[in-house]
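Per chain, numbering begins at 1; letters A, B, ... match sequence-line order.
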Number of protein chains: 2
Amino acid sequence: MCPVSTYHHGDLPAALLRAAGRTLEKRGIGALSLRETARRAGVSHNAPYRHFSDREALLAALAAEGITMLGEQLRGKPAREMGEAYVRFALEQPQRFRLMFGGVLPVAKYPELGRAARSAHKALEEAFSELPRPELAAAGAWSLVHGLAHLLLEGHFGAQDPETFVRDVLGAVRFAQRAA
Amino acid sequence: MCPVSTYHHGDLPAALLRAAGRTLEKRGIGALSLRETARRAGVSHNAPYRHFSDREALLAALAAEGITMLGEQLRGKPAREMGEAYVRFALEQPQRFRLMFGGVLPVAKYPELGRAARSAHKALEEAFSELPRPELAAAGAWSLVHGLAHLLLEGHFGAQDPETFVRDVLGAVRFAQRAA
DNA sequence: ACCTGAACACCGTTCAAGT
DNA sequence: ACCTGAACACCGTTCAAGT
C-alpha cells in the first residue's frame, strides 16, 4: 500500500512518542535519551530534531499527553471518585506522573502543559461548585490527592494496600462547608 | 596552621556537598554533574568517588541533608504552623525539595532517606495525637501540604501571593474529629 | 588512604551534505 | 521536506599509577 521509500514512517512524531513512552515507564526519565528513542524508532540519532526542537520538547510532549489523559479520566466523576482516579493514575504510570508534575519541565516554557492542567483543574472545581469557596476547596482537594499520590509513590506510607489507605485518608478529610 | 600537602581538603565530602548544594539550587538537578562538583571543589573529576560511590549517592546525601533540615523546622510546632513551614521550605529551596521527594532517587536504596522521612513524619503525627485516628489525619495533612507545595512550585495556582493562599487553603480543610 | 590523568562508552546538539 | 554521518563538547565510570 505505502510506497517503500527513504522515509521510514508515515508519522515519525507519533512513533517517537510511542517509543519514548515505553522507555519512560520502563527505565525512568533520566534514562530516556533522544538517541535511544531514535534507535528504537529505526531512524538516525538526528532525525527527531525535525519534529522536536530538543530532548526537553519531547519530554514536554509526553507530559502533555499524560495531563490530557488524566483530565479525561477525572471529568464528570463525583469528587470522591475523582480523588481515587487521580491516585490510581499516578500509581499505574509513576514515571509519566513524575514527568507531568515533578518539576522536571519548566511549565512556563510549554503553554500546552499549562492549558492541559487548567482543563483538568476546571473539572475538579466543578465537583466542588456547591461549596461557598469552590476554588479553595478544589485547591485543597487537588493538593491532597496530589501529595498523597507522590508520597505513596515514594513509599512513605509503608507497604499497606494503597486502595483502602487512599479511601481512609480521603475519608478523614472534610472541606469546609462554610466560608473559611 | 594546616600543613600544605597533596590533600586539598581536611573534609572533602563536606566541600563536595557544599559545592553540589549551590549548583543544585542554581541550575537544577539535571545540571548537577559529578565532574563539575569536583571542579568547583578544586579536585580532579575522579576524587569524589573516594567518598560517594556514584552520582546518585551524592544526590542521596544532599536529599538526606534536606529531609533532616525540614524535620528540624517542623518539630514542636502546632499543626497549622507546621503546614506553613513545610510549604515555605519547599518554596525557598525548590530544587532541594524536588530532590528529596520528586522520585529522582530510589528511596529503598538509601535507608538514611527513609529514616529521616520517618522522623519528620513522627513530628507530624504528634501534632494530631488528640484526634481519634491520628495516623490518618497526619497522612492527610502531610499529603495536603506536600501536594500544595508541589503544585505551587509548578505554578498551577497562578501568581497570587503564596503566603495568604496557603493560609486560605489550609483553612478550608478540616480533619475529621470523629472516626472515619 | 587519597589523589591523579588516560581511556571508554555514552549523551545532546550542530553542521554540511544527500534525496 | 526529511533524513543522513561526521564532529564537538560534555558526561559517568573504570583503571593503573603515583604519594
Item to check | Minimum-distance nucleotide (side-chain atoms of B:L34 versus D:dG12, C:dG12, C:dG5) | outcome: D:dG12
Under 4.0 Å: is that the gap between some side-chain N or O of [X] and OP1 or OP2 of [N]?
X     : N      : result
A:R50 : C:dT13 : no
A:H51 : D:dC3  : yes
B:Y49 : D:dT14 : no
B:R35 : C:dG5  : no
A:S33 : C:dC11 : yes

Less than 4.5 Å apart, side chain to side chain, heavy atoms only: is that true for [X] and [Y]?
X      : Y      : value
A:F157 : A:L148 : yes
A:V104 : B:R98  : yes
B:R88  : B:Q73  : no

Next on the checklist: For residues 101-120 of chain B, which residue pairs pass the ring-ring contact (aromatic ring centres under 6.0 Å, His included) check, not counting sequence neighbours?
Outcome noted: A:H156-B:F101, B:F97-B:F101, B:F101-B:H146
Checklist entry - Ion pair present between B:R96 and B:E65, side-chain N to carboxylate O less than 4.0 angstrom? => result yes
Checklist entry - Charged N to carboxylate O under 4.0 angstrom, B:R167 versus B:E163? => result no
Atom [atom1] of [X] to atom [atom2] of [N]: distance rounded to whole Å?
X     : N      : atom1 : atom2 : result
A:R40 : C:dC11 : CZ    : P     : 11 Å
B:F52 : D:dT13 : CZ    : C1'   : 16 Å
A:H45 : C:dA9  : NE2   : P     : 18 Å
A:N46 : C:dC15 : CG    : C1'   : 9 Å

Checklist entry - Using Watson-Crick and G-U wobble pairs whose two distances are both under 3.5 Å, how do you write the pairing of DNA chain D as dot-bracket, with | for links to another strand? => result ||.|||||...|||||.||
Checklist entry - Is B:R55 touching bases, backbone alone, or none of the nucleic acid, heavy atoms closer than 4.0 Å? => result sugar-phosphate
